[in-house]
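Within every chain, numbering begins at 1; the chains are lettered A, B, ... in the order of the sequence lines, protein sequences first and strands thereafter.
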Amino acid sequence: MGWDAFGLPAEQYAIKTDTHPGVITRKNIDRFRAQLQAIGFSYDWDREVNTTDPLYYRWTQWIFLQLYNTWFDSATGRGRPIRELVAEFATGLRPIPVEFSTPEKSIAWTDMTASQRRKLLSGYRLAYEVEAPVNWCPALGTVLANEEVIDGKSEVGGFPVERRPMRQWMLRITAYAQRLLDGLENLEWSESLKQMQRNWIGRSDGALVYFGLAGHSQVVTVFTTRPDTLFGATYMVLAPEHPLASVTSGRTLIPEDWPAETPDCWKYNTAKTPRQAVQAYQQWTSSRSERQRQEETDKTGTFTGIFAINPVNGRKIPVFISDYVLMGYGSGAIMAVPGHDRRDFDFACKFDLPIEQVVAQSPRGAADKPVELPLEQDGWATNSPGINDLPTAEARAKMIDLLEARGVGQRQVNFKIRDWLFSRQRYWGEPFPIVHLTDGTHVPLAESELPLELPQLTDFKPTGTMDPPLSKALAWRDISVVIEPADPAGSPHGAEHARVARPGETGIPGRREVNTMPQWAGSCWYYLRYLDPHNVRRFCDPELEKFWMHGRGIDLYIGGVEHAVLHLLYSRFWHKVLFDLGQVSSDEPFHRLVNQGLILGEAEYTAFATEAGRMVPLAEVDTNWDSRLGPDGKTQIISKSRQTGELLTGRPCPPEEIEKRGDSFVLKADSTITVDARSFKMSKSRGNVVNPDDVIRDYGADSLRLFEMFMGPLEQVKPWSTTGVEGVYRFLQRVWRNINGGDEPCRVVIPDGVGGWQLGRGPMARPLTPAEAAVATADAESILRPMHRTIRKVTGDIERLAFNTAISGMMEFNNALAKLTWIPDIAARTLLRLLEPFAPHIAEELHEQLTASAQSIMTVAWPQWDEELCTDSELDLPVQINGKLSGRVKVANGSDAETVAIAALRDEIIQQKLAGRAIKKKVYIKDRMLNLVV
RNA sequence: GCUCGGGUGGCGGAAUUGGCAGACGCGCCGGAUUUAGGUUCCGGUUCCGAAAGGAGUGCAGGUUCGAUUCCUGUCCCGAGCACCA
């Protein structure tokens, strides 16, 4: 069991209640633990971990140091220690990037200062600091990762998020994009979850194309997945933030005046000069929130006064800026092909730009019939000299070859995934083991300095500025350090590091990093700590890691879908880095993953009425519902009338007022009023939350456990039902009565070893009379086969996680026991053993009564079944005529086709139904059925 | 719009490989016990039909001796992504 307790939810609550998050966390963990223990989960509590415990986060920080001291070698596709990169630079195997050299002389590693070296390496490390536009959430007072922003709002709390340039820590997850994509192939995950990850990683294959600019030597690179449509590119669009569109830079290419014959509609706000237009448009677009930009997809933009040259036909095309092109993807510039792209088409229509067809719906068919543009599907190239009549896929490949041959383009793969923004301006997280130096560079903390503990702050609240709360811990932040150089023998990576200067030692001034890690850090590797939770020398012993993960990853991981692109992606990334560094034996952490379905609140029926109180059928209600706080303080569903737009409010109706009519539910009182029937996610505001404590109080932990598993398939979303809990509660009571006897005398009998039976155990035992014993023997005989079938079913169902059918199997068996006069104790013990994983408390109690021993049922071996005893000796075999069930015949188990056919033809009902028709064919599936074709 | 799931009684669901559709539970109906209610027990409960019988797994087709299961088309519901070039 692990408590992932750093992060925003705990901290937000701490702020609200003005209590230190450490206190809140401890209290919540204690409460959760008590609840889990009340339910009776068999967790190994010796392996309890807590991500906020310094003994735990010491290793989170250690893994961060591994990321920091690792670079991704794209030649081998693997992460490698930074010292190996240093060696490549030092030996000259790898040239020093040109930006570090002066125009006169290229610099050598040995000539570089420590500061220069750090700056150089920063560009390679998997953990790096960079100034970039990030998601800043003012309400939370922190930046957020892309994965934590949904529709322009924070995932936690739903607050608005804005783009803002800030200096932040990033993790180079993009380097692993292809590995993360490929790794999905061999995992036993649901297709939908793999799809979500693939979407997020977002690989697309295409080409870079270089466009020259008319009258300039510069080149603009665009990324396209449809190089085959290059002949249809009639204009170009840059993102408003594209460097080429910068007016403020001294070397701007944007002309001072509009070129001759520039249409007025190309000039944003009918500006007098292109520079004014571009600046005005940039200003407008930066004022728009992420959300507005997503919602209002109406095309806007302005001409820049620049023309580009289409490299395939030398055509001069106008260059625009528009916010439908994003700086963050591809090269931030596109070639616009309005004939074959919806967005370009819309833009072209608005700005009156030429639209040309270069893909036909049939080979050589461009002229035969007019097609409606834009045509986005694949077809055959047309009006494109060099690739004409080739199907799209081939045209694409051929065009790339042509571009590469002429040096005006190249094959290119692009990913949507961005680097992981890894720092937060909050208190409640792991401190970074990083020290900033006065020259603006930073060094990692020595491993011997870990854990770097979070300082106790009484004022842990956000500062209201972009400064993190830890910036207030001056004594903690400002330190004197000694930089220890790279020492291949000393530290695992031979990397340079800092340690706090000892008393009397002269150090240099340093400042600790005051940002903290995001909540995902601790949960990225906790499964590895479970394997070896108390190890103080390593995050996990390699032998134990191999033993449990056996080179393949976790056998079965059960979790919610909400982690699809957060935890599950981050974790895989960290794991792959650890794998590359030889720290773990498997390339993937989670081999098999099952998403449990959410349990919704109890089913609700909602009838709609106008404010005046007139009931309306569901068909009249707009399907876009909203909610508001009703007069009673509860959340109320509101919508509007499709016809009149009038406000409608939803009223919850008790089930007894509702009946089913055809495909819909209606009010019993007025069957013309159709109502909505569905279940909703449990939420405090809706008031449909089921508290496990209440269920345990009323029905016991076993009933709660049993019902959760009985409701339906594990993966499925399903509604809670209180009467359903009563159902499994009754089942447990029937088990109790069968085995304990309840108010009736107990009926469990034990063979006395000489063909008779005795009732009860110890001094109270009495032998059954011969007449009773005869009945008991018959009962034992009749229950034997059902018992073996039940063992087989329950065992198999547990293995395939089909707990609902396992429980129904036990219910059937228990019902069979209830019908017996005497219950042989082997049947009772078997039922209890099978029931124990589901309802351990009652099973343990009854087992103790039954065996009069203190031995726990958990130590009793799992029952085995005998395949022979799982089938009946005589079968009631269905007989079909032309595939339609027409009767049954009793035959011995394992009979051959001939025997069964003879028996069937002798059967009166079958004869009658055959009505003398000749049998053309007999299909017999052994022990399943016989089909007579006439 | 794109991608992935899914559609079976009044409800949750079962049918493991193409072979008896509706297991098990809830609810409902009837009966027994009870002064009564509750509990418990027994019986019934897919739909139409008094019955015989017929229909039936979203809808329309197809393959097959046989389809909830496989194929094609289509509708609906859910989830995710979405101006990603």
Side-chain angles (χ1 to χ4, degrees), chain A residues 150-151 190-200 202-204 206 222-226 229 237 293-294 296-299 322-326 328-337 341-344 346-347 376 414-417 561 564-565 595 598 603 655-656 658-660 663 665 677-679 706-707 710-713 715-728 730-731 733-734 737 742-743 793 796-797 800 802 804-812 815 818 876-885 888 920-925 927-934:
Chain A
I150 294 164
D151 294 333
S190 73
E191 201 40 52
S192 69
L193 201 74
K194 286 186 181 182
Q195 204 56 43
M196 275 192 236
Q197 291 225 339
R198 284 191 199 112
N199 279 343
W200 192 263
R203 179 186 160 120
S204 59
V222 305
F223 173 70
T224 177
T225 54
R226 293 293 302 273
T229 63
V237 188
R293 208 164 149 159
Q294 272 166 14
E296 302 154 20
T297 55
D298 212 31
K299 296 289 174 288
S322 171
D323 67 358
Y324 84 94
V325 174
L326 311 172
Y329 186 75
S331 58
I334 62 157
M335 60 177 214
V337 184
D341 183 284
R342 177 90 249 165
R343 297 149 303 172
D344 296 344
D346 293 344
F347 190 88
E376 296 190 290
N414 241 323
F415 292 95
K416 262 199 290 191
I417 191 169
V561 264
V565 291
N595 288 128
L598 202 65
E656 53 273 19
I658 306 295
E659 66 181 340
K660 177 117 181 188
D663 285 338
F665 290 88
R678 69 173 89 173
S679 297
L706 209 54
F707 180 62
F710 184 60
M711 291 167 90
E715 296 96 321
Q716 204 162 299
V717 175
K718 40 208 178 289
W720 181 260
S721 155
T722 302
T723 53
V725 187
E726 277 166 19
V728 294
R730 281 202 280 267
F731 161 63
Q733 285 178 311
R734 282 193 289 268
R737 278 199 301 272
D743 295 339
K793 178 169 178 55
D797 284 353
R800 60 185 186 104
N804 53 334
T805 51
I807 293 167
S808 83
M810 290 186 281
M811 286 172 164
E812 276 180 276
N815 289 345
D876 212 7
L877 206 73
V879 179
Q880 300 177 342
I881 297 175
N882 287 343
K884 211 170 113 90
L885 181 67
R888 293 165 182 285
K920 289 200 203 118
K921 192 174 165 187
K922 293 175 209 148
V923 182
Y924 176 61
I925 306 295
D927 295 341
R928 298 303 282 258
M929 58 106 233
L930 172 72
N931 189 13
L932 303 172
V933 185
V934 298

- [ ] Could you grab the distance from atom CZ of A/Phe223 to atom CG of A/Asn414, nearest 0.5 Å is fine?
- [x] 4.0 Å
Open item on the list: By the 4.0 Å heavy-atom rule, please label A/Arg203 as base, sugar-phosphate, or nothing.
Closed with: nothing
TODO: Rounded to the nearest 0.5 Å, what's the gap from NZ on A/Lys921 to CG on A/Asn931? Could you check?
DONE: 9.0 Å
Open item on the list: Students often get this wrong, so: under 4.0 angstrom with heavy atoms, is A/Lys299 touching a base, only sugar-phosphate, or nothing?
Closed with: base
TODO: Write down the distance between CZ (A/Arg198) and P (B/C2), rounded to a whole number of angstrom.
DONE: 19 Å
Task: Gap between atom CG of A/Leu877 and atom CG of A/Leu930 - 0.5 Å precision - done: 7.0 Å
TODO: Remember a base hit wins even if backbone is also touched, and classify A/Arg737 as base, sugar-phosphate or nothing at under 4.0 Å, heavy atoms.
DONE: sugar-phosphate
- [ ] Using a heavy-atom cut-off of under 4.0 Å over every strand shown, decide if A/Ser190 touches base, sugar-phosphate, or nothing.
- [x] nothing
Task: Qualifying residues under salt bridge (charged side-chain N to carboxylate O under 4.0 Å, His left out), relative to A/Asp743, sequence neighbours excluded - done: none
Open item on the list: Just to verify, what does A/Arg730 make a salt bridge (charged side-chain N to carboxylate O under 4.0 Å, His left out) with, not counting sequence neighbours?
Closed with: none
Open item on the list: Between B/U45 and B/G22, how many Å separate the two P atoms, rounded to a whole number?
Closed with: 11 Å
- [ ] Have a look at A/Val325 and say if it touches a base, only the backbone sugar-phosphate, or nothing, with a 4.0 Å heavy-atom cut-off.
- [x] base
Task: Distance in angstrom units between A/Lys884 NZ and B/U64 C1', rounded - done: 18 Å
TODO: Classify the side chain of A/Lys922 and the base of B/C65 as holding, or not holding, a donor-acceptor pair under 3.5 Å.
DONE: no
Open item on the list: Regarding A/Ser721, tell me which of base, sugar-phosphate or nothing describes its non-hydrogen contacts under 4.0 Å with the strands shown.
Closed with: nothing
Task: Where RNA chain B forms stems, i.e. three or more consecutive Watson-Crick or G-U pairs with both distances under 3.5 Å - done: B:1-7 with B:75-81, B:10-12 with B:24-26, B:27-32 with B:40-45, B:46-48 with B:53-55, B:58-62 with B:70-74
Open item on the list: Please classify the nucleic acid contact of A/Arg730 as base, sugar-phosphate, or nothing, using heavy-atom distances under 4.0 Å.
Closed with: sugar-phosphate
Task: A/Gln733 CD - B/U39 P separation (whole Å) - done: 11 Å
Open item on the list: Using a 4.0 Å heavy-atom cut-off, does A/Asp346 contact any base of the nucleic acid, only the sugar-phosphate backbone, or nothing at all?
Closed with: nothing
Open item on the list: Expressed as a whole number of angstroms, how long is the span from A/Ile150:CD1 to B/A82:C1'?
Closed with: 14 Å
Task: Nearest-0.5 Å distance that lies between atom CE in A/Met810 and atom NZ in A/Lys793 - done: 10.5 Å
Task: Interatomic distance where CD belongs to A/Glu376 and P belongs to B/C2 [whole Å] - done: 10 Å
TODO: Could you check how far CG of A/Leu193 sits from P of B/C81, rounded to whole Å?
DONE: 12 Å
Open item on the list: Which residues pass the salt bridge (charged side-chain N to carboxylate O under 4.0 Å, His left out) test with A/Arg928, not counting sequence neighbours?
Closed with: none
TODO: Heavy atoms under 4.0 Å is the rule here; annotate nucleotides 14-24 of chain B 5' to 3' with B where the base is hit, S where only the sugar-phosphate is, and - elsewhere.
DONE: SSB--BB--BB
Task: Anti versus syn assignment for B/G37, with syn defined as within 90° of 0 - done: anti
Open item on the list: From NZ of A/Lys194 over to C1' of B/U3, roughly how many Å is that when rounded to an integer?
Closed with: 15 Å
TODO: Please report, rounded to the nearest Å, how far the C1' atom of B/G5 is from the CG atom of A/Asn595.
DONE: 12 Å
Identify the pairs formed between an N or O of the protein and an N or O of nucleotides 29-35 of chain B at a distance under 3.5 Å, and give each distance.
none

Open item on the list: Distance check, rounded to the nearest 0.5 Å: A/Glu191 atom CD versus A/Met196 atom CE?
Closed with: 11.0 Å
